Amino acid sequence: MLATATERQGFAGGMLQSMRGATGPLLGLIVLCLFLTFASDKFLSIRNFLNVLDQITVLGIMAVGMTMVILIGGIDLAVGSVMALAMMVLGYLNVVAGVPMWIAIPLALLVASLNGLVAGLLITRFNVPAFIATLAMMSIARGLANMITDGQQIIGFPAWFNTMAIVRFGGFLTLTVAVMLVVFVVGLLYQRYRHGGRVLYAIGGNAEVARLAGINVQRATVLVYVVCSLLAGLSGMVLAARLDSVQPSSGVSYELDAIAAVVIGGTSLSGGTGGIGGTIIGILRNGLNLLSVSPFMQQVIIGGVIVLAVTAETYRKRK
């Protein structure tokens with residue numbers, strides 16, 4: 001019983017550490033949720049809760065990978081384009097080439113992972129700034145996604161693929177939401193209990209000190225970018241199931257949404273503090289939709305969230 005209690009305390013401590021560093025935007029989001037509770041009678045309904053889970057699935061999976069990147073003090077601007085590329089590879093292999101889904105999905109995820117591998121090698125071996133390396137991969141991935149079908153969408157997936165995102169088993173969870181929850185729990189447990197998770201904090205705190213302590217910073221950095229791209233590809237599989245189609249224009253500006261999600265979740269943009277908590281951005285988007293805010297204004301608000309987070313963090317460090 002003592003060991004079990006200790007484990008529970010450790011997990012609770014991990015959750016608190018994961019949320020440590022949450023700044024003004026998180027508090028603002030809590031206020032927004034309180035406001036939406038009174039502004040819309042649908043906000044606290046079970047149906048809306050299930051809709052929120054569905055809406056945050058794609059971004060939630062992507063945010064887990066982005067959290068790991070930002071924890072080490074990096075950035076990945078390519079995740080939206082990598083997601084689109086993985087989707088187009090899936091569509092081409094399964095619909096056009098007739099490759100079975102159980103082969104097409106791993107191959108699409110492999111292509112996504114290769115993008116992260118290239119970005120990680122550019123950063124570690126050639127000292128290319130993460131911003132530039134991932135910006136280049138964003139352009140390359142988007143271009144390849146358009147080249148596959150000359151910019152055309154692909155439809156015609158098996159019927160069971162779409163049901164993964166629309167059929168609620170037990171009247172509650174779809175398979176795609178279940179995938180997100182598994183990714184979230186595995187990511188949280190990894191960062192808390194595995195050596196590799198603690199390494200992320202060490203690198204984000206001071207990469208040179210981490211290297212002198214015996215940590216292979218280059219290998220860890222490459223692996224983080226590979227995992228981030230892999231999860232971006234997985235989010236593409238989920239989006240393809242939801243839409244029952246793929247198109248190369250998918251994922252535009254998703255990288256900004258993922259960064260905003262991570263920041264609101266309490267992860268410092270300078271690395272070393274925070275953790276997995278980014279899916280809270282889904283509540284923000286859902287609330288804005290309920291208030292009939294246009295998609296263009298939503299982009300403005302998401303950008304404002306990032307600015308506020310950076311400003312609050314900078315002010316806190318000066319004190």
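Because the structure is a prediction, the values reported are computed rather than measured. Starting from 1, each residue takes its place in the sequence as its number.
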Contact summary for [X] and [Y], nearest pair of heavy atoms:
X	Y	result
S268	I70	O-CG2, 3.2 Å
A133	I123	CB-CG1, 3.8 Å
R242	D54	NH1-O, 2.9 Å
A202	I215	CB-CD1, 3.8 Å
Q247	M88	C-SD, 3.4 Å
M138	E255	SD-OE2, 4.2 Å

Compare all side-chain heavy atoms of [X] with those of [Y] and state whether any distance is below 4.5 angstrom.
X	Y	result
L181	L173	yes
C228	V82	no
I105	L90	yes
V64	Y190	no
V238	M180	no

So does [Y] get a backbone contact from the side chain of [X], meaning a donor-acceptor N/O pair under 3.5 Å?
X	Y	answer
N162	A241	yes
T57	L53	yes
R142	P248	yes
T134	L77	yes
S253	L256	no

Do [X] and [Y] land in one hydrophobic cluster if side-chain heavy atoms of ILVMFWY residues count as linked below 4.5 Å?
X	Y	value
I56	V262	yes
W160	V179	yes
L212	Y201	no
I75	L223	no
I132	M137	yes

Check: Can you name the side chain to side chain contact (heavy atoms under 4.5 Å, CB included) partners of V226, sequence neighbours left out?
Finding: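 With neighbours one apart ignored, the set is S113, L117, V222.
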
Checklist line | Residues forming a side chain to side chain contact (heavy atoms under 4.5 Å, CB included) with V95, sequence neighbours excluded | finding: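 Partners of V95 under the side chain to side chain contact (heavy atoms under 4.5 Å, CB included) test: I154, F157.
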
Item checked: Side-chain hydrophobic cluster, 4.5 Å single linkage: members besides V186 ->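 Result for V186 is V182.
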
